[in-house]
Amino acid sequence: MVLASAYNSTDDNAWCPGCGNFGVLRALKQALVSLNLEPWQVLMVSGIGQAAKIPHYLKVNCFNGLHGRSMPAAFGAKMANHKMTVIAAGGDGDAYAEGGNHFVHAMRRNPDITYLVHDNQIYGLTKGQASPTTGLGTLTGTTPFGSVDIPESPLAVAVAMDCSFVARGFAGDLEHLSKIIGAAVKHRGFSLVDILQPCVTFNKVNTYQWYKERVYNLDEDAAYDPKDRTKAFTKALEWGDRIPTGIIYKHERPVFEDSIFKPADKSLSRQPLNPPAPLELLRKYA
Amino acid sequence: MVLASAYNSTDDNAWCPGCGNFGVLRALKQALVSLNLEPWQVLMVSGIGQAAKIPHYLKVNCFNGLHGRSMPAAFGAKMANHKMTVIAAGGDGDAYAEGGNHFVHAMRRNPDITYLVHDNQIYGLTKGQASPTTGLGTLTGTTPFGSVDIPESPLAVAVAMDCSFVARGFAGDLEHLSKIIGAAVKHRGFSLVDILQPCVTFNKVNTYQWYKERVYNLDEDAAYDPKDRTKAFTKALEWGDRIPTGIIYKHERPVFEDSIFKPADKSLSRQPLNPPAPLELLRKYA
Amino acid sequence: MTKDITVGISGAAGMGMQSISFTLAKSFLRAGYNVFVWQDVMSRIRGGNNTSIIRISTSPVNSIKESFDVLVALDLLAIKRNALKVKAGGFLLYDGEKQRAEEPKAGWISVPFEKLAAEAGGDKIMMNSAATGAVLALLGADVSKECDEVIAELFSKKGEAAVTANLRALKAGIAAVTPGISGRFMLAPTLKTNSKNKVLVNGSEALGLGAVSAGLKFYAGYPMSPATSIMEYVAAKSREFGIVMEQAEDEIAAINMAVGAGYGGVRAMTCTSGGGFALMTEGVSLAGMTETPVVIGISQRPGPATGFPTRTEQGDLNMTLFAGHGDFARVILAPSSAADGPVIMGRAFNLAEKYQIPVFVLSDQYFNDSTFSVDLNKVKTEPVDRGKLLLEFSGNYNYKRYDLSDGRVSARLIPGAKDQVVYADSDEHTEEGHITESAEIRLKMLDKRAGKLAELAKVMEQPAYYGSEKPEIVLVSWGSSLGAVTEAVDMLNVSGKSAGALHFTDIWPLPEMKPGFKISSGLKYIGVENNYSGQFADIFEKHTGIKFSKRVLRYDGHPLTAEYIIRGLEG
Amino acid sequence: MTKDITVGISGAAGMGMQSISFTLAKSFLRAGYNVFVWQDVMSRIRGGNNTSIIRISTSPVNSIKESFDVLVALDLLAIKRNALKVKAGGFLLYDGEKQRAEEPKAGWISVPFEKLAAEAGGDKIMMNSAATGAVLALLGADVSKECDEVIAELFSKKGEAAVTANLRALKAGIAAVTPGISGRFMLAPTLKTNSKNKVLVNGSEALGLGAVSAGLKFYAGYPMSPATSIMEYVAAKSREFGIVMEQAEDEIAAINMAVGAGYGGVRAMTCTSGGGFALMTEGVSLAGMTETPVVIGISQRPGPATGFPTRTEQGDLNMTLFAGHGDFARVILAPSSAADGPVIMGRAFNLAEKYQIPVFVLSDQYFNDSTFSVDLNKVKTEPVDRGKLLLEFSGNYNYKRYDLSDGRVSARLIPGAKDQVVYADSDEHTEEGHITESAEIRLKMLDKRAGKLAELAKVMEQPAYYGSEKPEIVLVSWGSSLGAVTEAVDMLNVSGKSAGALHFTDIWPLPEMKPGFKISSGLKYIGVENNYSGQFADIFEKHTGIKFSKRVLRYDGHPLTAEYIIRGLEG
Ligand SMILES: Cc1ncc(C[n+]2csc(CCOP(=O)(O)OP(=O)(O)O)c2C)c(N)n1
Ligand SMILES: Cc1ncc(C[n+]2csc(CCOP(=O)(O)OP(=O)(O)O)c2C)c(N)n1
Ligand code: SF4
Ligand code: SF4
Ligand SMILES: [Mg+2]
Ligand SMILES: [Mg+2]
């Protein structure tokens, strides 16, 4: 039995008091504990942003790389350590702007990686510019006359890419979020969890209150079948008075690692190198 | 009346005999002629690849930039010349791999640009590696044991991004393709035309024959309503025995330029600079 | 009587240190002093420890001092991290009722900021006005009229009540300092008329307004400290001056948009910091190959990778010089102070268009985030010169974008000209702009593009020389370090060591050097830079053949100061 | 009797020039000759004009000649573009029945390739075997047995009939050359035993197999000529040797994947060319900051931008040296010939892991696409040394990734070790790998990372010296130009000018130099490079203080040749 305290980090937390990121941190810890994983079995990869600092605030293996590049770094780290639980994390700018291309292509590969996107609909660390999910008309540092680019629905894109697990969480609902994260980690294949995460400093529109008035728990709707792609697409686009949280789309698809490793294989990083001799390879050119 | 010959280029054509690109070239010329546009009124921007050479083979203004970067270069050129007809072109690798992020964000902005993607499901210029649209299991230079990453449906992604005009053409059907391109150029807003374009040299799977056996003309189906987003999503995903060509999704959305320019405005590049004096700006800091 | 005072305002991010420093700086500026403010900040939105450092002087200042005459410590961490930086005889102002952790030392003065704010009838945040008042009291100078005005302007949008309450808090702060200590520093008086035509502007604003006044019409960028504020400046002005400003999805998009707009015929710019610029390097090469004018601002911060994101360094010069594959001409300019903004940006756009090349403006966090006193009478400007730009071209589809017949710069026709088309090409190309496989054309085109450098070297400006006419040592420096270096020269000359500073704002290509001072035997050259290896020193040595006898380098994230340079010369 | 013959095979892309050159090269190799093949190609899939240039010699050759003894022209354009390159006394073989445009000149021999192919019972493509035969006839040497074997191997997968028909076409081609001309060049005989242990391998294959034999376990890349073939080699071998190979969506993904895998604990590599590398530079900085081993292959081609995509240049050295923002240590190696593949790649991975840095392997189109004769007895190898790599670490969550207590390289624990976690961080960080704001730690960490360079300089290898013991001139060169430079030295020494070549494969950091020849007064140094400005020459001058009296530079997309160098020395 792993205790939650096993995950405690001594690193000084740099988030603003009241930030939604704290909810994500708590939910993630709870999910890892419920999965009975030890800190050393977990490898987190993150980008740059307020959200991307999260691995420092739990005790896990961590590659805190570049802004927007968590996906490829996570893929490389996973291929070297496919027996480990790999979780990537970052903000909405990190994931959908700078990292937009990697996000799309990670879904094509379907490695067994969970991606937590702390979606505060704003750039936090750089002090309040528009992100790809910022609502139309929003005033930000770079959109002083209101944002004119329509917000992306990452969930709809994920369904369009046939991502094998697509969910939305809310940082203000610890229990549900922790369940969603747990399910995402357990799911074999690429899992996206887009998390509504209030930024109390820079996003004065999408507040806790704003989200609370809108979110509902889709997982409680027994009639909803997350395997139906068309329905999932419609559900993914639902955004207004009602915003669904929970598992929007989920299905089984071949996992990237399975095209390479056999079930009994150790992680590559723990296998002996055993390279062929150069002469052996050269002799083929006689 | 503009004649097709007005568009003739003297530049030596570097495509393989029989390549689907010739069909695209012919259809594009025909569309421009039918729109009665003079060569100097048209500005093409392309990336790098076999497809991306197309502006050299007609006579138009042309910025032939970097692999994957036609979208941002086209955006910049359009903002400087919003009264011109701007068309971007490139291959499937150019558009959906190297340029994947720009593709997604161009749709958010919705500038009045038409994007022709010559989708041969392979990297032509670099001699036959997998592209984002290469079918599962295909043997290529980089997938000698069969491609394992699922092919992207660019049309589905475009619908998910609420792209204002989404169509598929086939290089083997000149008349239909030319109509589609014409409609795309006429449409105000961002238009994607993904064009099935046989690569006779490197793609031995998706041949003229293969496509011909599968494509059908959706535009002839009076019952199909391209404004219905959910239906469009399903249609965009149709790929197998039957492959729809024609306009998959189309609707009106605010166009980026309209947030900046008034209808009477000349193109920025043709307005006098008239910058404010530095002292005028500095005095505000007294 | 003191002529030069340094005040630190320290506290957690979000506490409002910048509003205190702004109020103080503006008040003293209007009273006729010279002021300079630097922000020493952590990468945090709330919490941590940030310090605004304000220097107030009777003579011009463009750099900071390392220690404080007065420190306002708004929380315990501020005391912990900064108390030792207070000079002997200096004061630390803190709210003893709230920050009780330590035994107060000599010079620590408790002022109950929070209580004063509450009494003034405002909420906690008004403690900033109380703190401002306490500082005013210590500095003795009569700037209360100016300060009242500044506070009134600052809070006017929050309503009359806010103004009155803040003014009350200000007075309470002034009164809270006991008479014996009050006025202790007694700043030497200046003439208020000195303030005529003086403004307070930070480096980012100076670059932003420089660009706007140079005719910027297209800006695309991606947020990155310390460059974001340039973009936000341009965004705010975009409607008024008809500029298209768009936040790109990434830096690659930003540079390609700007190059597209440059091809399209407008003055285009993008700004970023080192990490973002790394992503732009292919785009730089594109501008080089297509001969497209574009201005790229690089606001440096310490690397590698994410590095020390809110600190300063001049560490990206080598990368800027060699960014992009292949050989082509480029220009690098580095402003020395905010006053340079208009002329540097004006020249950047002119050089970009006249030579059809990418031009870099290299600043840094110290420059961008510092607030300078700028004398409007001394601001140089540069008239717009768009070079060989054409809107029409006679004939019928006969224009050649890369015509080789008229030197290295071909006439640049803007697309949309009747009966002409304009081909720009990232492949090696013919005069018409079509892809070529000819080795012969390749040679000519490469000579054309790269050969512009020699022509540019003739129009680059001489370094500024400051100091002794017959120096024993010459400090060689560039960009934002001018203030610190000239101050070091003054200190050296005062101490009897004959010194001068040769300071560069035109970094690449270097002009043929006309030193501006008498070269004597035994003259020593010292490279002074805010980076690890002395990147400019390497370029200078190669260009001039002169070897530095020493390099004074700083790379701990802090800016160069006169004290640091003097220590470095001694050490 | 001729000892050194150059044969050009020219035609449109898709006509099969490479299969002719392959057959010839392999046949002569097996017969005991040294062979070298370079591909001079356009950026086309079909059409245009490409030439395979084969050199056959009794002594070792690693470079090409500029003119041909024999040219096989498979179409009209091939004649047009190459006829003038045929030496006086040389021959041009063409199919006069098909290519009738010009009046044949002296030395033009019509061989009806297509007809011979048809008669041999095959389809048109068999004209390649007929052409091969015609060349064999001219060269006189008895290699027909070897050639039969090679053809049999080549066509065996197409079935017995294809083999027989091709052999028939070959014989017909031999017979078609009239006796008086046949054997005109009469290549000097060699011993077939010379061919023992000799293989024919191109540069890309050499790098690919070098990496695989060094224990490569992860490769990510994005196609870009001339680097794509390295990726395709690794892909083909991935199953057999348990390598994860993935085509990335772009170069940024590729480098970040490789760095992620390097952190993850396996030997990881990515390869690209200049334009793709420009996109990787931020990732390079990431490797520098996180101290992650990674090997980056850069196969240069002429820039800027898309440039001259299928041609050659050594123009990306500066970019490689300064790629990425901030200061950190890196290594640059540049192989001289395919025989270097294993040792260079072995050293690259060892240095990357021992010093926990990015290591670059800089080649070029000339290197990657050329086929070298490699003597297996002379192939050096390098045993695997993974440096301070740990799989376990005793204690309980007490491991520090950036421990400062043991010099500049900290022990590198691989994630997944029981009761330990490994933090790698792109921000400035503490020993534990957490984000820090401390200037003091910043200084220590930067000294740690950048200071590795001085340690590396001690282990870098001396340049190879070739030529006169007491030279009057020394050619200084690097990487792929070894063959051309040593040949130039031979030519100079034969002509009575005492010359030597100082050739570098270890490019950065440069080792302390032990020249390997006697330095005489009046000794002249000449920089020889395949680029516009002499990028290595600059580095060499700075490092050694030696000034070049001349730089022989080539930047028209063609490789350096001995003739070009000699002309350059004279000009
Ligand atoms: C290449 C690069 N570009 C830009 C930045 C600056 N930057 C750091 S975080 C960030 C965006 C932060 O927004 P988001 O990803 O939504 O994270 P949040 O802070 O909101 O959690 C940016 C633009 C960077 N570090 N690197
Ligand atoms: C940054 C960069 N990476 C890679 C390349 C090499 N490259 C040129 S075209 C191309 C892909 C071609 O495929 P596609 O875009 O589908 O066009 P096609 O040739 O099939 O029409 C690649 C990888 C490049 N020019 N620039
Ligand atoms: S800025 Fe916003 S997202 Fe960042 S820590 Fe503060 S509240 Fe959270
Ligand atoms: S390689 Fe394929 S896509 Fe390219 S020109 Fe040839 S047939 Fe067309
Ligand atoms: Mg965010
Ligand atoms: Mg393609």
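Because only heavy atoms are used, hydrogens play no part in the values below, and waters and symmetry mates are left out as well, while side chains stay in. Note on naming: letters A, B, ... go to the chains in the order of the sequence lines (proteins, then strands), and numbering restarts at 1 for each one. What you see is a predicted model; the values in this text were computed from it and never measured.
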Would you please classify the geometry between the A/Phe75 ring and the A/Phe256 ring as parallel, tilted or perpendicular, with 30° and 60° separating the classes?
perpendicular
Counting only non-hydrogen atoms closer than 4.5 Å, does A/Asn101 touch chain D with its backbone (N, CA, C, O), its side chain (CB onward), both, or neither?
both
Non-hydrogen atoms of chain A under 4.5 Å away: do they reach the side chain of D/Gln247, the backbone, both or neither?
backbone
Please confirm whether the backbone N or O of A/Pro72 pairs with a side-chain atom of D/Asn256, one donor and one acceptor, at under 3.5 Å?
no
Please classify the contact between D/Tyr233 and chain A as side chain, backbone, both or neither, with a heavy-atom cut-off of under 4.5 Å.
side chain
With ring centroids as reference points, do A/Trp40 and D/Tyr397 lie under 6.0 angstrom apart?
no
Which region of D/Glu240, side chain (C-beta onward) or backbone (N, CA, C, O), has a non-hydrogen atom less than 4.5 Å from a non-hydrogen atom of chain A, or is it both or neither?
side chain
Cut-off 4.5 Å, heavy atoms of chain A, and the answer for D/Gln420 is backbone
Quick one: what part of D/Lys198 sits under 4.5 Å from any heavy atom of chain A, side chain, backbone, both or neither?
backbone
So, the part of A/Lys53 with a heavy atom under 4.5 Å from chain D: the answer is side chain
What part of A/Ser267 lies closer than 4.5 angstrom to a heavy atom of chain D: side chain, backbone, both or neither?
neither
Interface residue of largest heavy-atom contact number with chain D, from A/Lys59, A/Met84, A/Met79, under 4.5 Å
A/Lys59
For the aromatic rings, using the six-membered ring if either is Trp, is the centroid distance between A/Phe165 and A/Phe190 under 6.0 Å?
no
For A/Ala286, which atoms come within 4.5 Å of any heavy atom of chain D: side chain, backbone, both, or neither?
both
For A/Leu43, is it the side chain, the backbone, both, or neither that has a heavy atom closer than 4.5 Å to a heavy atom of chain D?
side chain
Look at the side chain of D/Ser285 and the backbone N and O of D/His325, then say whether any donor-acceptor pair between them is shorter than 3.5 Å.
yes
Check: D/His434 ring centre within less than 6.0 Å of D/His429 ring centre
no
Proximal component of A/Arg108, with respect to chain D [non-hydrogen, under 4.5 Å]
neither
So, the part of A/Leu282 with a heavy atom under 4.5 Å from chain D: the answer is both
Please classify the contact of D/Ala253 with chain A as side chain, backbone, both or neither, using a heavy-atom distance under 4.5 Å.
both
Specify which of D/Val212, D/Thr381, D/Thr430, D/Leu389 makes the most heavy-atom pairs with chain A at under 4.5 Å.
D/Val212
Rounded to the nearest 0.5 Å, the CG atom of A/Asn61 sits from the CD1 atom of A/Ile87 at a distance of 11.5 Å
Counting distance only, does the side-chain N/O of D/Tyr263 pair as donor-acceptor with the main-chain N or O of D/Val422 below 3.5 Å?
yes
Proximal component of D/Ala214, with respect to chain A [non-hydrogen, under 4.5 Å]:
backbone
Please flag which part of D/Arg401 lies under 4.5 Å from any non-hydrogen atom of chain A: side chain, backbone, both or neither.
neither
